[in-house]
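Index from 1, following the sequence. Reckoned from all heavy atoms, side chains included, excluding hydrogens, waters and symmetry mates.
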Amino acid sequence: MAGEATTPDPAQNLNQSHFNVQRVGIPVSASSASSNGQGIDYDHPLLLIPIDVSGISIISFQLHGVENYTLWNRSIKLALLGRNKLGLVDGPCRKKMYSEELWGQWKRVNAIVLSWLMNSVSKSLLSGVAFASSALNVWTDLQERFDRVDGSRTYSLHKEIATLQQGTAFLSILY
């Protein structure tokens, strides 16, 4: 009826406002067209969404050194893969592979990934990554420093395993 106020459909508002991402030169995909006619390819590694820049840590613990590097590495890789940003640390998403018009967007995404890496290392390791220019450089540096199993580390792990003792407590009490 004329003069009656209509209530907007909440689903329509969600589609139009929450996921309305500016194009910045990213290829259009017919399968991802939004309701307002602007499309965006959500598989593009340079896409940033609000959750990417919210300031949250992407994993729940920090890298301390050789002792937890393998678990940290696996956790970070999974988190980056889920956000389609793994290419910035393992190589395929380098600045020079994009046209100059996307270099600004690459710098922003690289800065976000750098902040995720900085938030996922302990304070004692932070000085080694704080002034790096790319996430790939930080990733490579951390890998060179901590992804190693040398003879002394192997010996100490075997020694720890060999000297493990339950003692007099029941196993259920220990945990």
Side-chain angles (χ1 to χ4, degrees), residues 13-29 31-36 38-150 153-154 156-157:
N13 285 344
L14 180 64
N15 287 338
Q16 288 178 352
S17 62
H18 186 66
F19 294 106
N20 186 12
V21 181
Q22 198 172 15
R23 278 189 56 190
V24 275
I26 298 173
V28 175
S29 169
S31 64
S32 62
S34 66
S35 60
N36 64 1
Q38 288 184 329
I40 188 164
D41 183 353
Y42 288 102
D43 291 331
H44 199 285
L46 297 184
L47 173 68
L48 286 175
I49 60 173
I51 191 75
D52 291 336
V53 292
S54 66
I56 62 166
S57 295
I58 61 171
I59 62 171
S60 61
F61 64 96
Q62 293 183 327
L63 171 65
H64 294 285
V66 175
E67 61 275 1
N68 74 335
Y69 176 79
T70 303
L71 181 60
W72 175 87
N73 179 283
R74 174 77 173 141
S75 299
I76 284 286
K77 278 184 173 179
L78 286 173
L80 290 171
L81 180 63
R83 287 175 162 79
N84 198 23
K85 305 296 184 253
L86 186 59
L88 274 90
V89 297
D90 68 3
C93 187
R94 295 178 187 216
K95 180 180 173 183
K96 63 184 175 189
M97 72 177 282
Y98 297 105
S99 64
E100 280 188 46
E101 65 186 21
L102 287 179
W103 285 3
Q105 183 67 12
W106 182 90
K107 287 179 183 178
R108 284 187 287 279
V109 174
N110 180 65
I112 296 297
V113 174
L114 272 170
S115 72
W116 290 338
L117 292 174
M118 289 172 59
N119 286 328
S120 70
V121 299
S122 66
K123 288 184 181 185
S124 64
L125 300 175
L126 192 56
S127 63
V129 300
F131 300 102
S133 60
S134 77
L136 176 62
N137 291 346
V138 169
W139 190 259
T140 304
D141 178 56
L142 293 173
Q143 187 173 26
E144 288 173 359
R145 287 175 26 186
F146 302 117
D147 190 19
R148 60 180 72 194
V149 179
D150 57 8
R153 177 75 176 142
T154 304
S156 65
L157 287 173

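- Asp43 pairs by the side chain to side chain donor-acceptor pair (under 3.5 Å) definition with nothing, not counting sequence neighbours.
- A heavy-atom distance below 4.5 Å is found between the side chains of Leu142 and Val121.
- Between Val129 and Leu117 there is no side-chain heavy-atom pair separated by less than 4.5 Å.
- Taken from CG in Leu88 to CG in Asn110, the straight-line distance is 6.0 Å, to the nearest 0.5 Å.
- In this structure, Arg83 CZ and Ile112 CD1 are separated by 11.0 Å, a value rounded to the nearest 0.5 Å.
- Every pair passing ring-ring contact (aromatic ring centres under 6.0 Å, His included) that includes a residue from residues 112-144 is listed here, sequence neighbours excluded: Trp72-Trp139.
- Rounding to the nearest 0.5 Å places CG of Leu80 at 8.5 Å from OG of Ser120.
- Taken to the nearest 0.5 Å, the CD1 atom of Ile56 stands 4.0 Å off from the CD1 atom of Ile51.
- Summarising the geometry, atom CD1 belonging to Ile76 is positioned 12.5 Å from atom CG belonging to Leu81; distances are rounded to the nearest 0.5 Å.
- Pairs engaging residues 45-65 under the side chain to side chain donor-acceptor pair (under 3.5 Å) rule: none recorded [sequence neighbours left out].
- Residues Ser75 and Leu78 fail the side-chain proximity criterion, which asks for heavy atoms closer than 4.5 Å.
- Rounding to the nearest 0.5 angstrom, the gap separating the CG atom in Asp41 from the CG atom in Leu46 is 11.0 Å.
- For the pair Asn73 and Asp147, the minimum side-chain heavy-atom distance is 4.5 Å or more.
- The side chain to side chain contact (heavy atoms under 4.5 Å, CB included) search around Lys95 returns Trp103, Trp106, Lys107, not counting sequence neighbours.
- With sequence neighbours left out, Asp90 forms a side chain to side chain contact (heavy atoms under 4.5 Å, CB included) with Leu86, Pro92.
- In this view, Arg145 and Asp141 satisfy the salt bridge (Lys or Arg N to Asp or Glu O under 4.0 Å) rule, not counting sequence neighbours.
- Side-chain N or O atoms of Arg74 include none that pairs as donor or acceptor with a backbone N or O of Leu71 at under 3.5 Å.
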